[in-house]
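One structure is given below, encoded as structure tokens.
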Amino acid sequence: MQRPQLEHIIRAAAGITGTERFVVIGSQAILGQFPDSPMELLISVEADLVSLQSPNDADLIDGSIGEASPFHRTFGYYAHGVSAETAVLPEGWQERLIPIQNENTGGGAGLCLEVHDLAVSKLVAGREKDVSFIRGLLRHGLANPELISKRLEMAPLSSDWRETSLSRLHRLLTKT
């Protein structure tokens with residue numbers, strides 16, 4: 001998914017729900033800070049959106065522009081309505097959101113996670129696709145490992161989970 005496709009999803013989600021603002025929390029949030037991100041970071045065809053109006057908007061998004069919807073079949077990408085609790089994020093993440101709002105978003109705004117906050121959520125999730133995404137961030141110099149470590153310290157995690165996430169980061173640094 002590239003930036004114009006994410007803008008299309010924001011426009012469609014705003015039109016369907018009547019909500020003006022969404023937080024983009026998945027890997028496509030990279031498009032807020034880095035609109036011309038390397039292709040290896042843009043593999044996903046899904047944008048995870050959190051409505052700032054109502055948790056019920058997640059169902060509207062999934063049903064109208066979600067996976068296997070006519071929207072998905074027509075355009076080849078889709079939105080996934082999620083809750084704010086879907087991602088583990090460091091303290092202060094709301095103050096670092098990066099907006100996407102222009103004529104292509106049709107009055108809607110996508111508030112994208114800042115790259116280091118996004119990296120924390122991916123490290124905590126720890127799936128192979130998340131680890132690959134962080135590897136790409138580091139390889140292309142889009143994220144600072146020291147800042148990722150600091151943000152991990154600010155995340156609401158148990159000490160065991162924090163250590164597991166830090167270990168993932170250290171393994172990536174020795175392989176990147």
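Nothing fancy with the numbering, it's 1 onward along the sequence. Just the heavy atoms: all of them, side chains too, but no hydrogens, waters or symmetry mates, feed the values below.
Scanning both residues, V115 and A143, for their nearest heavy atoms gives CG2-CB, 4.3 Å. Looking at every heavy atom in both residues, V120 comes nearest to V88 through CG1-O, 4.1 Å. Here the closest non-hydrogen pair linking V82 and A58 is N-CB, 4.0 Å. In plain terms, the two heavy atoms of G126 and V131 that are nearest each other are O-CG2, 4.0 Å. Closest approach of Q101 to T105, counting heavy atoms only: CA-OG1, 3.5 Å. Residue I9 comes nearest to M1 through the heavy atom pair CD1-CE, 3.5 Å, listed as atom of the first residue, atom of the second, then distance.
Ring geometry for Y77 against F71 counts as perpendicular: the plane angle is over 60°, on a 0 to 90° scale with 30° as the lower cut.
Side-chain N/O atoms of E163 and S159 include no donor and acceptor closer than 3.5 Å. A side-chain donor from one of E85 and S83 sits under 3.5 Å from a side-chain acceptor of the other.
Side chain of D130 to main chain of L123: no donor-acceptor pair is present (N/O by atom type, distance under 3.5 Å, no hydrogens or angles). Looking at S44, its side chain does come within 3.5 Å of a backbone N or O of E46 through a donor-acceptor pair. R21 contributes no side-chain N or O that, together with a main-chain N or O of A14, makes up a donor-acceptor pair within less than 3.5 Å.
Applying the ring-ring contact (aromatic ring centres under 6.0 Å, His included) test to residues at least two apart or on different chains, none of the pairs has a partner in residues 123-175. Residue pairs meeting the side chain to side chain donor-acceptor pair (under 3.5 Å) criterion with at least one member in residues 26-36, sequence neighbours excluded, do not occur. Residue pairs meeting the side chain to side chain donor-acceptor pair (under 3.5 Å) criterion with at least one partner in residues 87-100, sequence neighbours excluded, are R96-D117. For residues 63-76, the set of pairs meeting the side chain to side chain donor-acceptor pair (under 3.5 Å) definition, not counting sequence neighbours, is empty.
For R3, the salt bridge (charged side-chain N to carboxylate O under 4.0 Å, His left out) partners at least two apart in sequence or on another chain are E7. Listed by chain and residue number, L137, I148 satisfy the side chain to side chain contact (heavy atoms under 4.5 Å, CB included) test with A119 (two or more places apart in sequence, or in another chain).
Grouping the Ile, Leu, Val, Met, Phe, Trp and Tyr side chains by contacts below 4.5 angstrom, directly or via other members, places L97 with V50. Cluster membership check: I65 shares its hydrophobic cluster with I10, using side-chain heavy-atom separations under 4.5 Å among Ile, Leu, Val, Met, Phe, Trp and Tyr. Linking ILVMFWY side-chain heavy atoms closer than 4.5 Å, directly or via other members, places L111 and F34 in a single hydrophobic cluster. Under the 4.5 Å side-chain heavy-atom criterion for ILVMFWY residues, no single connected hydrophobic cluster contains both L118 and I134. In the hydrophobic clustering of this structure, I61 groups with I100; members are Ile, Leu, Val, Met, Phe, Trp, Tyr whose side-chain heavy atoms approach within less than 4.5 Å, directly or through other members.
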For side-chain contact (heavy atoms from CB on, under 4.5 Å), just list the numbers for V24 and L113, CA-CA rounded to whole Å, side-chain angles, deciding distance to a tenth of an Å, and then say yes or no. CA-CA 7 Å; V24 182; L113 293 178; over 6 Å; no
Residues H80, L49; criterion side-chain contact (heavy atoms from CB on, under 4.5 Å); working and verdict: CA-CA 6 Å; H80 183 211; L49 300 180; over 6 Å; no
Would E40 and R135 satisfy salt bridge (charged side-chain N to carboxylate O under 4.0 Å, His left out), going step by step from the backbone distance to the final call? CA-CA 10 Å; E40 76 175 287; R135 185 178 299 113; over 6 Å; no
Show your reasoning for whether side-chain contact (heavy atoms from CB on, under 4.5 Å) applies to F75 and H8. CA-CA 10 Å; F75 298 108; H8 182 205; 3.5 Å; yes
Show your working on salt bridge (charged side-chain N to carboxylate O under 4.0 Å, His left out) between R151 and E146 and close with a plain yes or no. CA-CA 9 Å; R151 297 271 175 89; E146 290 80 23; over 6 Å; no
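Residues D57 and S54 form a side-chain contact, since some pair of their non-hydrogen atoms from C-beta on lies under 4.5 Å apart. Side chains of L41 and L142 form a contact here, defined as non-hydrogen atoms less than 4.5 Å apart. With contacts defined as side-chain heavy-atom distances shorter than 4.5 Å, the pair L166/S149 qualifies. For the pair V45 and Y78, the minimum side-chain heavy-atom distance is below 4.5 Å. At a threshold of 4.5 Å between non-hydrogen side-chain atoms, the residues T86 and I25 count as touching. At least one side-chain heavy atom of V124 sits less than 4.5 Å from a side-chain heavy atom of L152. With a 4.5 Å cut-off on side-chain heavy atoms, H116 and N144 count as touching. With contacts defined as side-chain heavy-atom distances shorter than 4.5 Å, the pair L138/L172 qualifies.
Taken to the nearest 0.5 Å, the CG atom of L157 stands 5.0 Å off from the CZ atom of R162. Atom OG1 of T164 is separated from atom CG of L169 by 13.0 Å, given to the nearest 0.5 angstrom.
A salt bridge does not link E103 to R11: none of the charged nitrogens lies less than 4.0 Å from a carboxylate oxygen.
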